[in-house]
Protein chains: 2
Amino acid sequence: MSEQLLWSSHYYLSAMDTCASNQPDRLRNFEAVCKRARVRMTFQRMAVFQEVAGNDEHPDAEAVYLSVRRQIPTISLDTVYRTLWLLKSLGLISTVGAPREKTRFDGNPAEHHHFLCTVCGRIQDMQPQGSYTLEIPESVKDVGRVERARIEFQGTCLECLKLKGDGDVSHGSTS
Amino acid sequence: MSEQLLWSSHYYLSAMDTCASNQPDRLRNFEAVCKRARVRMTFQRMAVFQEVAGNDEHPDAEAVYLSVRRQIPTISLDTVYRTLWLLKSLGLISTVGAPREKTRFDGNPAEHHHFLCTVCGRIQDMQPQGSYTLEIPESVKDVGRVERARIEFQGTCLECLKLKGDGDVSHGSTS
DNA sequence: TTAGCTGCAAACGTTTTGCACTCAC
DNA sequence: GTGAGTGCAAAACGTTTGCAGCTAA
């Protein structure tokens, strides 16, 4: 937990709160987060949240919509979208990959990783070096055969740090 | 061109030098790959390839289009798209993030990584374990401040391996 | 009561497709 | 010469928005 705190924005704090896998706890946390953010609790939002929180298939908006519609037949796809982005902005759920972005192409033929600046959106290549050679863990055997592993670092690039007048470029480790 | 240079504050300059000096080589390789795949070499394809190969800004299709148009004013955006996907299928370029995919949502509040099966498209969560704690390298200092690091493993999941009748789930390390 | 939320429909931006013409092989 | 590749226009797709009515606080 202390390591996590190094990285923490409210995301991690609320994430740790909700970590308990049982739904009532997560739902209670959801209510608390909504109250704190002065966001109204509605039936639709609860249903969407429960659907995503209790689903490990990484559903897309359409899948969430189809599933929630069984409970609320009148819900609309755009409400699902609005709710999903709201939940994300509250740190209650996350997205896989870069959402709402055009496809970007990469002509660098060497194996490398990416640093994505969340402020300006620029992506910089990072050549892998000894210090962070990534060992594929034994546990992957239980999931499948890995053909490639790519790390995406997210943060603020030097130029955006300068613009913010924040020179602190401290860094740590994550797991 | 030492490894160190890549990480110096002149990262971009040296990266561009590298690309420029390799261009003839890469172009020759491009021709060879096209010939092998029985894909025709056209002026448009060469221009698109050169643009992506000599550009480390991870351009989107529109940016490639605008740039190539200076050379071939009559080229169309859809040709650029078709060519980019062709180049990707030939393994000559890659895409950043999951291309041509809907946004997928993730209700798992714990810090975790993803295993993406390139056959069936399923994404599975992988809880980080001691064995693959990811140390953020010192060199990231030269790029910016990292707030998050996520690993995306790509490969074939157990079920798809079984369907292919390929039981080999060996794995190695990548850097 | 009332600001915030919803559903509808229509718009949006990116990407893909059908077609007739063109050009690399 | 022939079929793969191209440009055009129009469609398709996922997603977002404006608006009028509804509802949680």
Side-chain angles (χ1 to χ4, degrees), chain A residues 27 30-49 51-52 58-90 92-93 95-105 121, chain B residues 27 30-49 51-52 58-90 92-93 95-105 121:
Chain A
L27 209 54
F30 173 46
E31 285 193 52
V33 170
C34 283
K35 197 154 280 181
R36 210 181 309 146
R38 277 183 205 134
V39 154
R40 286 190 185 162
M41 276 292 281
T42 64
F43 195 42
Q44 287 91 333
R45 285 178 179 170
M46 275 172 60
V48 168
F49 174 70
E51 176 55 31
V52 180
H58 308 83
D60 56 34
E62 179 103 22
V64 174
Y65 169 59
L66 291 174
S67 183
V68 169
R69 214 168 50 162
R70 290 205 298 270
Q71 206 188 336
I72 311 176
T74 58
I75 199 170
S76 65
L77 180 57
D78 38 76
T79 294
V80 171
Y81 270 110
R82 279 187 279 228
T83 304
L84 288 169
W85 297 125
L86 174 73
L87 294 176
K88 192 190 175 188
S89 76
L90 293 173
L92 291 161
I93 65 173
T95 48
V96 179
R100 295 202 270 191
E101 276 220 349
K102 320 181 190 180
T103 308
R104 295 172 70 166
F105 297 86
Chain B
L27 208 55
F30 173 46
E31 284 192 52
V33 171
C34 282
K35 198 152 278 180
R36 210 180 309 143
R38 275 181 205 137
V39 154
R40 289 188 183 164
M41 276 291 281
T42 65
F43 195 42
Q44 287 91 333
R45 285 179 179 170
M46 274 172 60
V48 168
F49 174 69
E51 176 55 32
V52 180
H58 308 83
D60 56 34
E62 178 102 24
V64 174
Y65 169 58
L66 290 174
S67 182
V68 169
R69 213 169 50 162
R70 289 204 298 268
Q71 205 189 336
I72 311 174
T74 58
I75 199 170
S76 65
L77 180 56
D78 39 77
T79 295
V80 171
Y81 270 109
R82 279 187 278 228
T83 304
L84 287 168
W85 297 127
L86 173 74
L87 293 176
K88 192 192 175 187
S89 77
L90 293 173
L92 291 162
I93 65 172
T95 49
V96 179
R100 295 202 272 190
E101 276 220 347
K102 320 182 190 181
T103 307
R104 294 172 70 164
F105 297 86

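All of these numbers come straight from a predicted model, not from anything done at the bench. Chain identifiers are assigned alphabetically (A, B, ...) following the order of the sequence lines, protein sequences preceding nucleic acid strands; residue numbering begins at 1 within each chain.
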Checklist entry - Rounded to whole angstrom units, what separation is found between the OH atom of Tyr65(B) and the P atom of dG13(C)? => result 16 Å
Checklist outcome for this item: Whole-Å distance, Tyr81(A) OH to dG14(D) P, equals 7 Å
Item to check | dC23(C) phosphate, OP1 or OP2, under 4.0 Å from Gln44(B) side-chain N/O | outcome: no
Next on the checklist: Closest-nucleotide mapping onto DNA chain C: is Asp60(B) or Val39(A) further toward the 5' terminus? I mean the 5' end.
Outcome noted: Val39(A)
Checklist entry - Within this structure, what is the CG-to-C1' distance between Leu77(B) and dA11(D), rounded to whole angstrom? => result 15 Å
Next on the checklist: If you go through the side-chain atoms of Arg82(B), does one of them form a donor-acceptor pair with the base of dG7(D) closer than 3.5 Å?
Outcome noted: yes
Next on the checklist: Does dT14(C) have its OP1 or OP2 closer than 4.0 Å to a side-chain nitrogen or oxygen of Thr103(A)?
Outcome noted: no
Checklist entry - Is there a donor and acceptor pair closer than 3.5 Å between the side chain of Asp78(A) and the base of dA10(C)? => result no
Checklist entry - What pair of heavy atoms forms the shortest contact from Ala37(B) to Leu90(B), and how long is it? => result CB-CD2, 3.6 Å
Checklist entry - Expressed in angstrom and rounded to an integer, what is the separation of Met46(B) atom CE from dC23(C) atom C1'? => result 15 Å
Checklist entry - Please give, in whole Å, the distance from dG5(D) P to Trp85(B) CH2? => result 18 Å
Checklist entry - DNA chain D: Ile75(B) or Arg104(B), which has the more 5' nearest nucleotide? => result Ile75(B)
Checklist entry - Do any side-chain nitrogens or oxygens of Thr42(B) fall under 4.0 Å of OP1 or OP2 in dA24(C)? => result no
Item to check | Spacing of Leu87(A) atom CG and Glu51(A) atom CD [to the nearest 0.5 Å] | outcome: 12.0 Å
Item to check | Glu101(B) CD to dT15(D) C1', straight-line distance once rounded to whole Å | outcome: 16 Å
Next on the checklist: Rounding to an integer number of Å, can you tell me how far Lys35(B) NZ sits from dA4(D) P?
Outcome noted: 18 Å
Checklist entry - Which part of the nucleic acid, if any, lies within contact of Glu62(A), taking any heavy atom under 4.0 Å across all strands shown: a base, the sugar-phosphate backbone alone, or nothing? => result nothing
Checklist entry - When you measure from the side chain of Met41(A), which nucleotide among dT6(C), dA25(D), dT15(D) comes out closest? => result dA25(D)
Next on the checklist: What is the separation between atom CZ on Arg45(B) and atom P on dA4(D), rounded to the nearest whole Å?
Outcome noted: 11 Å
Checklist entry - Between Ser67(B) and Val64(B), is there a donor-acceptor pair closer than 3.5 Å when you use the side chain of the first and the backbone of the second? => result no
Checklist entry - Could Arg45(B) and Phe49(B) be counted as a cation-pi pair, given that NZ or CZ must be under 6.0 Å from the ring centre and within 45° of the axis? => result no
Next on the checklist: Testing the 3.5 Å rule here: is there a donor-acceptor pair between the side chains of Thr79(A) and Gln44(A)?
Outcome noted: no
Item to check | Nearest-neighbour nucleotide for the Arg40(A) side chain, dT16(D), dT14(C), dT23(D) considered | outcome: dT23(D)
